[in-house]
Amino acid sequence: MTRRLFWLTLRTRRTAILAFSAVMGLCALAVIGLWPTTKALNFAAYLEGLPPAVRALFLGDAFGNVEVERSAFFQYLGVEYATWAPMVMAYFGVWFGAGIVTRDFDRRTLLVLLALPVGRLRYLSARGAAVVVAAALVAAFTIVAFGVALSIWGGGEPRTLGDVALLHVQLWLFTLASGGLGALCGALLLEPGRAYGVAAALLAAMFLLSLVTRVIAGVEGLGYVSFFTYWRPAAQLVLGAFLWRDALVLIGVALVLFAAALAVFRRRDIAA
Amino acid sequence: MHALSKSFGDVHALRDLDLDVRPGEIFGFLGPNGAGKTTTIRLLLGLLRPTAVAAWILGFNAHTQGPRARRAVSCVPSEDALYDFMSVAAYLETVAPPGPSVQRRRAGLLERLDLDPDRRIKALSQGNRRKVALVAGLQADTPVYLLDEPTAALDPLIQQEFNRTMRDYRAEGRTVFMSTHVLSEAEALCDRVGILRAGSLVAVESVAELKRARVRRLVVRFVHPAPPDAAFRDARVARRNAHATRSRSRSQGPSTRRSRRSRSSTSRT
């Protein structure tokens with residue numbers, strides 16, 4: 001039964017998984033495809049001209065540690081991936097995570113599924129496993145698109161596909177943390193619209209917080225509550241460094257949020 | 001169920017429900033909309049947490065031993081909760097509980113209820129959607145069936161087929177707990193009924209007792225002044241609202257006991 005629920009979840013979301021994969025893939029193609037034009041505009045000089053706080057926002061520590069001329073392409077990618085990629089994947093995570101309970105609640109199929117001899121732990125585990133796999137599928141498709149684009153427009157650049165893959169592992173973990181937040185909101189609120197809205201608002205607040213805490217001195221500590229603080233693509237792309245601490249934090253956040261969603265869901269009345 | 005209660009905030013949906021359903025009987029749970037029938041079934045399925053005490057299904061606590069209790073139970077909810085994008089066959093397979101005889105039972109039910117398994121659910125009429133929900137619930141090989149207003153939207157022929165199916169299930173020794181607000185349906189199918197009103201169980205009796213105690217409302221129009229009260233007592237009239245030329249009365253007993261004292265009357269039962 002658990003396996004059937006898992007496949008049912010993937011099946012009911014297959015269009016969305018394809019759509020998000022296509023969006024991420026097209027964005028990767030577009031970003032890398034625009035590099036020759038951007039390079040001509042002297043992107044490196046543009047980065048050097050940015051205020052230090054804004055530069056730190058885009059690139060973190062990566063900017064100051066390597067020679068600009070050699071790594072301009074990956075700095076460009078780091079800037080691009082710092083903004084749109086987590087936005088798209090956060091939305092995907094929230095939407096998928098919140099939907100694991102609320103969509104069945106909304107169409108009343110939750111009554112039918114929970115009337116079967118399936119505990120709520122197994123129900124949510126099967127649905128949660130589908131979130132993990134769906135996010136991995138989107139990330140994998142993006143890696144393929146990224147690789148294709150690199151082979152066309154990124155010739156001669158030193159970084160390998162290994163860095164690209166590790167970057168997307170981080171993105172996958174970021175998506176799972178967002179999915180956990182969505183799942184918790186879904187278990188608390190049960191209604192899809194409200195759950196999506198609250199989870200998306202929380203993520204938007206986190207994004208703003210990550211901006212503010214990097215620009216304003218003295219409030220850096222607040223930034224640690226934002227998921228976006230743990231998404232630093234430039235480190236992987238420019239320095240080739242996989243940020244284990246950030247990865248572990250994102251895994252921990254995802255696990256804690258899914259566990260909290262389960263604890264709430266087990267106590268919920270399925271009344272409507 | 002023993003002293004089963006459920007409140008939603010200040011609203012008492014169910015109060016101190018004491019009820020034993022015997023193995024192998026069809027038990028009708030009668031009551032108007034909002035009486036607490038669906039709440040009771042959801043408590044039995046572990047979808048709601050009881051405010052007080054609990055319910056047991058074949059010895060398993062419906063709340064604390066939910067999955068084990070639900071292994072003995074199959075359910076038809078009052079809503080047609082279906083995946084519209086699936087075919088009938090795919091949906092029935094998706095929600096089928098494990099069991100070796102499920103496919104054979106499903107095929108039999110599809111034939112009895114005249115339902116095409118290859119059709120898409122979103123293309124089905126309301127009645128056919130109800131049939132899908134019925135087959136989904138009845139395909140399981142379980143000793144207990146919980147049916148929440150199962151025959152809503154079914155045409156009379158299919159209702160008869162449903163009744164026959166339920167009698168077959170009873171003959172096999174299965175227990176059916178069925179909520180309805182249609183008295184005639186309960187009379188036609190059930191062995192015993194429980195009557196629920198505003199969250200409280202007001203009576204549990206056999207269908208024969210129910211028919212005998214059936215209340216009839218008569219509107220009797222007298223051309224001449226109404227007879228004295230004693231005459232109404234003789235006719236087992238329980239309550240009378242006297243009026244100069246019009247009397248509304250409520251009588252108890254078989255329909256043959258209608259008052260014949262009016263010389264010219266219109267009546268309604």
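Since the model is a prediction, treat every value here as computed from it, not as a measurement. In what follows, chains are A, B, ... by sequence order, proteins preceding strands, each numbered from 1.
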Please classify the contact of [X] with chain B as side chain, backbone, both or neither, using a heavy-atom distance under 4.5 Å.
{"X": "A:Leu116", "answer": "both"}
{"X": "A:Leu8", "answer": "side chain"}
{"X": "A:Arg107", "answer": "both"}

With ring pair (Phe, Tyr, Trp, His ring centres under 6.0 Å) as the criterion, how do A:Phe174 and A:Tyr230 come out once you've worked through the C-alpha distance, each side chain's angles and the decisive distance to 0.1 Å? CA-CA 8 Å; A:Phe174 178 86; A:Tyr230 307 100; 9.4 Å; no
**Prompt:** Any side-chain donor paired with an acceptor under 3.5 Å for B:Asp148 and B:Thr38?
**Reply:** yes
So, the part of B:Leu44 with a heavy atom under 4.5 Å from chain A: the answer is neither
So, the part of B:Ala133 with a heavy atom under 4.5 Å from chain A: the answer is neither
Of the listed B:Ala69, B:Ala96, B:Ala13, the one with the largest count of heavy-atom pairs under 4.5 Å with chain A is B:Ala96
Only pairs of heavy atoms separated by less than 4.5 Å count here; which of B:Thr94, B:Thr142, B:Leu45 has the most with chain A?
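Max contact count across the listed options: B:Thr94.
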- Query: For B:Pro150, does its backbone N or O pair with a side-chain atom of B:Arg130 as donor and acceptor, under 3.5 Å?
  - Reply: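 At least one qualifying donor-acceptor pair exists.
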Practice prompt. Show the numbers, then the answer: is there a ring pair (Phe, Tyr, Trp, His ring centres under 6.0 Å) between A:Phe207 and A:Phe227?
Written response: CA-CA 8 Å; A:Phe207 183 70; A:Phe227 297 171; over 10 Å; no
Worksheet entry | Option that, when pairs with chain B are counted at under 4.5 Å, heavy atom only, ranks first among A:Arg11, A:Arg122, A:Arg267 |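 With the most close heavy-atom pairs to chain B, the winner is A:Arg267.
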- request: May I ask you to decide if the ring planes of A:His168 and A:Phe146 are parallel, tilted or perpendicular, using 30° and 60° as cut-offs?
  value: perpendicular
Relative to each other, are the rings of A:Phe96 and A:Phe92 parallel, tilted or perpendicular (30° and 60° limits)?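 Ring orientation of A:Phe96 relative to A:Phe92: perpendicular.
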